[in-house]
Visitor: 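Okay, handing you the structure first.
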Amino acid sequence: MIDTKSWTAANYAFMTVLDPQSTFAALAIAVAAALICAGLIVALRPLLQRYALARPNARSSHVTPTPQGGGIAVIAATAIGAALTGSFGTSFSETTILTVLAAALCLAAMGMIDDLRPIPVVPRLTLQLVVVVLLFAALPLQIRFFEVIPIALERAFLVLGLLWFINLVNFMDGLDWMTVAEMLPMTIALAVFAFLGEAPVDTLPIALALAGALLGFAPFNRPVARLFLGDVGSLPIGLLTGWCLLELASRQHFAAALLLPLYYLADATITLFRRIANGERFWDAHRTHFYQRATDNGFGVRRVVTDIFLLNFLLAGLAATSIAIRSTGIDLTMLALGALGVTIVLVRFSRMQVA
């Protein structure tokens with residue numbers, strides 16, 4: 001059954017937030033972030049070509065050295081775009097937004113160093129853990145997800161969950177347009193949910209600006225890519241989107257928060273446990289993610305990322321349905337449909353294509 005009270009509240013938020021001026025401002029901010037990102041890439045690419053070449057290794061899907069570090073432009077454009085959202089006239093928590101952006105910039109700096117001179121696994125994870133712990137320490141204590149457990153235990157689970165999400169985004173950034181195909185539908189959905197008042201308003205600047213920045217990055221990363229994101233981009237993108245998903249879940253939209261990143265969660269987590277079960281050094285570079293196996297099985301890169309892109313818009317639609325119709329039964333149904341869609345894609349990627 002539809003929760004008419006919640007539906008009315010959502011429509012009220014839609015009418016009050018999405019007036020024509022605010023709608024134009026939203027589009028302007030996304031376009032500005034895209035243009036800033038593209039402009040920075042054009043300016044930085046000669047330097048990246050000279051100092052930040054990604055050479056093929058055991059994990060790579062490319063065969064020729066390609067500059068990486070496009071994440072510098074993506075994160076810079078996201079930060080600038082988020083700063084422009086004051087034009088909405090909506091009350092954002094500047095402290096919260098600046099704290100999250102500061103944490104993302106710390107991970108970006110760490111990723112930049114790792115791109116140029118790889119950091120060993122233990123120090124890298126330790127530094128990431130410190131950033132995530134400090135982020136949660138700075139967030140308002142009233143943000144709770146499960147009231148029945150102590151807040152210290154809840155925060156410990158959330159810290160580990162966000163740390164895993166940051167790294168799985170990094171693991172999954174191994175194919176041209178891969179991060180764009182995953183994160184663009186997700187950030188668009190998060191921005192729409194924030195517009196409708198179904199996610200905390202502080203997620204709006206991040207999601208909106210990041211979506212625009214990814215659009216600006218996309219032409220340079222399309223197959224065959226002329227530029228890679230690099231850890232300088234994938235790590236902070238993981239933190240920013242992970243934080244937005246936690247904010248969405250804090251409104252009790254647990255199903256939606258799981259559905260949006262469901263493909264990444266499934267591919268990365270299943271692959272991790274499979275490698276552990278096989279006794280492999282799971283922290284080493286590899287090419288055994290489902291999307292990587294798909295290219296080895298005869299799928300073209302464009303087909304792989306197109307399938308993932310369409311799947312993620314389907315997941316976003318299921319997430320929107322779970323939010324619009326507040327019902328445990330609907331949540332479970334949407335999660336089941338999402339899991340079915342992800343399973344179909346993973347199975348297809350696992351099978352050799354017949355010419």
Visitor: Heavy atoms, side chains only, cut-off 4.5 Å: are D267 and L346 in contact?
Guide: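 D267 vs L346: side chains touch.
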Visitor: By ring-ring contact (aromatic ring centres under 6.0 Å, His included), which residues pair with H289, not counting sequence neighbours?
Guide: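 For H289 the ring-ring contact (aromatic ring centres under 6.0 Å, His included) partners, ignoring immediate neighbours, are H286, Y291.
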Visitor: Can you tell me how far the OG atom of S234 sits from the CG atom of N167, to the nearest 0.5 Å?
Guide: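 Rounded to the nearest 0.5 Å, the OG-CG separation comes out at 9.0 Å.
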Visitor: Is a salt bridge present between R124 and D114, judged by a nitrogen-to-oxygen distance below 4.0 Å?
Guide: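 Answer for the salt bridge query: yes.
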Visitor: Can any side-chain N or O of R45 pair as donor or acceptor with the backbone N or O of R226 at less than 3.5 Å?
Guide: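 Yes.
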Visitor: Can you confirm whether T203 sits close enough to F193 that some side-chain heavy atom of one is under 4.5 Å from a side-chain heavy atom of the other?
Guide: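 Side chain of T203 against side chain of F193, heavy atoms only: no contact under 4.5 Å found.
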Visitor: Can you confirm whether V342 sits close enough to L265 that some side-chain heavy atom of one is under 4.5 Å from a side-chain heavy atom of the other?
Guide: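 They are not in contact (no side-chain heavy atoms under 4.5 Å apart), so the answer is no.
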Visitor: Supply the atom-to-atom distance L314 CG to L337 CG, rounded to the nearest 0.5 angstrom.
Guide: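 Taking CG in L314 and CG in L337, the distance rounds to 8.0 Å.
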Visitor: Going from CD1 on I330 to CG on L335, what distance comes out if it is rounded to the nearest 0.5 angstrom?
Guide: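 These two atoms lie 11.0 Å from each other.
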Visitor: Show me the donor-acceptor pairs within less than 3.5 Å that the side chains of residues 178-187 make with the rest of the protein, sequence neighbours left out.
Guide:
| from | atom 1 | to | atom 2 | distance (Å) |
| --- | --- | --- | --- | --- |
| T179 | OG1 | D173 | OD1 | 2.8 |
| E182 | OE1 | N312 | ND2 | 2.8 |
| T187 | OG1 | M183 | O | 2.8 |
| T187 | OG1 | L184 | O | 3.1 |

Visitor: Do L190 and L248 come within less than 4.5 Å of each other through their side chains, counting heavy atoms only?
Guide: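 Yes, side chains in contact.
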Visitor: Flag the pair R348 and D307 as a salt bridge only when some basic side-chain nitrogen lies within less than 4.0 angstrom of an acidic carboxylate oxygen.
Guide: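 Between D307 and R348 there is a salt bridge, with a charged N closer than 4.0 Å to a carboxylate O.
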Visitor: Contact between W177 and T306 at the side-chain level, heavy atoms closer than 4.5 Å - yes or no?
Guide: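 They are not in contact (no side-chain heavy atoms under 4.5 Å apart), so the answer is no.
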Visitor: Does NZ or CZ of R274 come closer than 6.0 Å to the centre of the six-membered ring of F290, within 45° of the ring's axis?
Guide: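 Verdict for F290: a cation-pi partner in R274.
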Visitor: Would you say N221's side chain and F228's backbone share a donor-acceptor pair under 3.5 angstrom?
Guide: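 No.
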